[in-house]
There are 2 protein chains.
Amino acid sequence: MWLHIVTRKEVAKMAGVSEATVSRVLNNVGPIREDTKRKVLEAAEILGYYPNALAQSFARRRSGNLGVILPYVPKVHIFSTYYFSEILNGIGEQVRGLGYDMLLIFRKPGVENGYMDLFRSHKVDACILLGTTDTPAERKALKALEEAGHPFCLVNQHFEGERFLEVDADHEQGAYEAVKHLLEEGYRKIAFLNGPPEYSNSLDRLKGYVRAMSEAGIINPAASLTEAIPPEWLDSGNYSRTSGYEAAKRFFRNKDHIDAVFAANDRMAIGLMQGFRDLGMHPGKDIAIVGCDDSDGARITDPPLTSVSVPFYQMGMMAAKLLLTDSVSEDHPKQDGGTGHQIQMSTKLVVRSSSRGNPA
Amino acid sequence: MWLHIVTRKEVAKMAGVSEATVSRVLNNVGPIREDTKRKVLEAAEILGYYPNALAQSFARRRSGNLGVILPYVPKVHIFSTYYFSEILNGIGEQVRGLGYDMLLIFRKPGVENGYMDLFRSHKVDACILLGTTDTPAERKALKALEEAGHPFCLVNQHFEGERFLEVDADHEQGAYEAVKHLLEEGYRKIAFLNGPPEYSNSLDRLKGYVRAMSEAGIINPAASLTEAIPPEWLDSGNYSRTSGYEAAKRFFRNKDHIDAVFAANDRMAIGLMQGFRDLGMHPGKDIAIVGCDDSDGARITDPPLTSVSVPFYQMGMMAAKLLLTDSVSEDHPKQDGGTGHQIQMSTKLVVRSSSRGNPA
DNA sequence: AAAATTTATGTACGCGCGTTCATTATCGCT
DNA sequence: AGCGATAATGAACGCGCGTACATAAATTTT
């Protein structure tokens with residue numbers, strides 16, 4: 001027994017028409033008499049005909065795939081982070097509606113611009129790049145992609161000075177509101193646990209932090225970003241819970257000069273809470289904590305974590321939409337008079353009890 | 001300016017050989033003189049030749065894609081659950097090494113056996129199905145797939161009586177050890193918050209629970225599974241945190257007859273903890289809680305949650321490996337003398353403080 | 001009623017590659 | 001040198017589909 005693959009030819013024969021007509025009927029192209037259409041569809045139904053997607057892609061010279069590139073971080077299960085999960089969800093929802101498929105690719109560790117091959121080999125029609133960092137190599141690779149005219153979109157990362165297609169969130173405003181909230185709650189000695197500098201968010205959040213603190217007259221707005229901030233208020237981790245836990249120890253040394261910490265993501269914020277707790281402090285009481293992402297984790301800590309909600313899901317949807325309905329199907333990689341798309345979505349502070357103590 | 005696509009033909013011309021030879025060199029097939037090989041590779045390098053993956057797939061009649069089917073649950077961001085994330089990570093790691101790509105597909109809501117089309121249209125060479133449930137429609141669809149000879153693998157779900165390729169975990173043993181641990185800690189009045197019955201895990205865990213409780217002489221091993229259990233000890237939710245929270249209220253009504261709860265996943269366990277806390281009880285002290293999955297969440301609750309660790313990551317890897325190195329590349333969908341692969345991986349209890357109180 | 005459209009369908013080709021088969025170069029041996 | 005065997009290469013085809021072009025049928029216009 002061998003499963004015969006039904007082809008267009010057989011449908012044509014059964015329907016008594018040419019192969020071209022079958023093709024036209026199934027693709028809804030050109031004028032077709034109503035009853036030939038019916039005949040073809042009936043024949044296809046009876047024979048159980050399914051167009052061969054491989055042949056279609058080949059003939060159309062389009063894969064029908066949207067590539068999603070994920071960073072390869074050894075030992076880290078990348079999907080397990082709220083951030084990626086949500087974005088992927090959004091992308092998935094969008095491609096689903098647009099008839100595309102989603103090709104997941106893990107960036108190869110050593111290869112510099114591995115994603116160029118994806119386009120060259122026609123495996124994808126467009127790409128969404130997640131977790132990129134602003135390094136010289138990365139910039140170069142992206143510029144090469146742009147140069148070659150391959151449509152791609154960055155999510156949650158901005159490359160200053162470039163015209164890349166980007167879907168970002170307003171992290172500066174998010175940080176500003178988070179810190180402002182702490183100030184309004186009466187906290188003054190507010191530290192900031194930032195993320196790695198190669199992510200544009202880090203600079204954004206720093207700006208927001210400085211803006212809020214300057215407006216409150218706590219730090220000198222005239223000085224440069226970092227110089228105005230007392231060193232014991234500025235620290236950084238790598239977005240892991242562990243790095244937050246470690247940072248708590250460092251902050252603890254200056255605990256008299258700190259009554260609140262704003263962290264660049266929830267995982268670090270949760271690490272901070274655990275760290276402070278292990279040092280005998282009570283998060284939400286002795287020290288206020290605010291995180292970023294408003295992940296699931298923020299709801300299950302004790303006390304629940306105040307956090308900056310970022311619309312990752314919508315950002316994923318938007319990125320896919322931009323790529324699949326502009327640059328690809330039509331043919332104008334840039335619009336808005338050549339400025340390209342630089343979408344920025346707004347964040348929203350979700351206040352929970354980790355930041356509602358009564359500071360001295 | 002228009003980007004010319006370099007084809008095999010041009011490489012052949014530059015290297016002064018035929019197209020067939022170019023093909024042979026790049027695919028390492030047949031005997032080739034060392035210097036022609038060099039010539040071809042040089043020409044390819046100079047011209048920047050990349051084989052067209054679409055054409056390759058078409059000619060080979062293999063897509064090179066491993067499909068991963070995810071359940072479509074409206075309003076639920078499926079990736080955000082630890083369970084799926086980990087499995088996808090494992091699959092991703094495996095396909096990466098095998099030169100395959102990973103095509104993510106969300107099962108369409110209405111369509112009964114939508115994945116049949118994926119095979120028929122040759123979009124995928126094999127499929128991993130996640131989040132399937134044991135319903136008549138699903139069984140039928142899977143049997144049809146099997147009948148048609150399409151290689152697929154189920155992860156974390158077992159269909160009793162079928163010979164499907166499955167990678168499951170030993171949830172019965174996991175539940176057994178979890179309950180036994182509670183018994184050893186001195187708890188006797190142990191309730192069980194199960195998941196929906198259409199998941200095979202639910203029955204597995206129920207068996208494990210009953211086995212442990214029977215061995216301890218607490219319930220009658222002779223009676224049927226459910227009859228032996230006092231009704232106030234058996235409840236079920238839908239794996240969401242909320243359903244755990246709600247269950248806490250029900251258990252609370254019989255709080256004098258309950259001093260521990262074993263939950264079928266961490267999210268429900270966390271919901272239980274929050275629910276009991278809101279009712280004035282202290283999880284880990286007034287009532288012991290044990291979950292399943294050993295997700296990230298288990299580490300950040302207060303108290304940290306004892307949980308049954310399930311090797312989802314390895315399960316994903318294994319599923320991909322089975323499909324991509326047996327059924328697909330070679331051609332024997334079943335081995336072990338026709339029993340098919342039914343892999344079962346072991347679980348491991350991770351004890352934390354949510355289950356180390358001192359029960360009365 | 002014939003010519004000029006418009007509508008509907010068929011014919012033929014190519015997309016870029018893998019691969020079979022035929023052909024030629026190379027080698028080992030008597 | 002001659003022969004058979006093997007190594008190396010080229011010529012040719014087909015995979016299943018989209019589509020440009022040619023053609024035939026139906027419709028409108030003159």
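We name chains A, B, ... by the order of the sequence lines, and we start the count at 1 in each one.
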If you compare all heavy atoms of B:Tyr49 against all heavy atoms of B:Arg8, which two are closest, and at what distance to 0.1 Å?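 Closest approach of B:Tyr49 to B:Arg8, heavy atoms only: CE1-N, 3.5 Å.
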
Is there a side-chain contact between [X] and [Y] in this structure, where contact means two heavy atoms from C-beta onward sitting under 4.5 Å apart?
X	Y	result
A:His158	A:Phe164	no
B:Phe159	B:Glu138	yes
B:Asn65	B:Lys123	no

Quick tally for nucleotides 9-17 of chain D: nucleotides whose base has a protein heavy atom under 4.0 Å get B, sugar-phosphate-only ones S, the rest -, giving BBB---BBB

Item to check | Member of B:Arg33, B:Arg38, B:Lys39 meeting the side-chain hydrogen bond (donor to acceptor under 3.5 Å, both in side chains) criterion with B:Asp35 | outcome: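 Of B:Arg33, B:Arg38, B:Lys39, side-chain hydrogen bond (donor to acceptor under 3.5 Å, both in side chains) with B:Asp35 is met by B:Arg33 alone.
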
Output the rounded distance in Å from CD (A:Glu34) to C1' (C:dT7).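 That distance rounds to 14 Å.
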
Rounded interatomic separation in angstrom, taking CG from B:Leu54 and C1' from D:dG18:
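Roughly 14 Å, once rounded to whole Å.
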
Just by distance, do the side chain of [X] and the backbone of [Y] share a donor-acceptor pair under 3.5 Å?
X	Y	value
A:Asp125	A:Ser63	yes
B:Ser121	A:Tyr50	no
A:Ser57	A:Ala53	yes

Kindly determine whether B:Asn28 and B:Lys37 satisfy side-chain contact (heavy atoms from CB on, under 4.5 Å), including the steps that lead there.
CA-CA 10 Å; B:Asn28 267 321; B:Lys37 184 182 218 167; 3.8 Å; yes

Selection: residues 40-47 of chain B, any non-hydrogen atom under 4.0 Å of DNA chain D
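The answer is none.
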
| field | Candidate list A:Val155, A:Ile128, A:Leu129, A:Leu323, test side chain to side chain contact (heavy atoms under 4.5 Å, CB included), partner A:Leu165, passing option | value |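 For A:Leu165, the side chain to side chain contact (heavy atoms under 4.5 Å, CB included) test succeeds with only one of A:Val155, A:Ile128, A:Leu129, A:Leu323, which is A:Leu323.
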
I'd like a table of atom pairs between the protein and nucleotides 22-24 of chain C - only N or O on both sides, under 3.5 Å - with the distance next to each one.
none

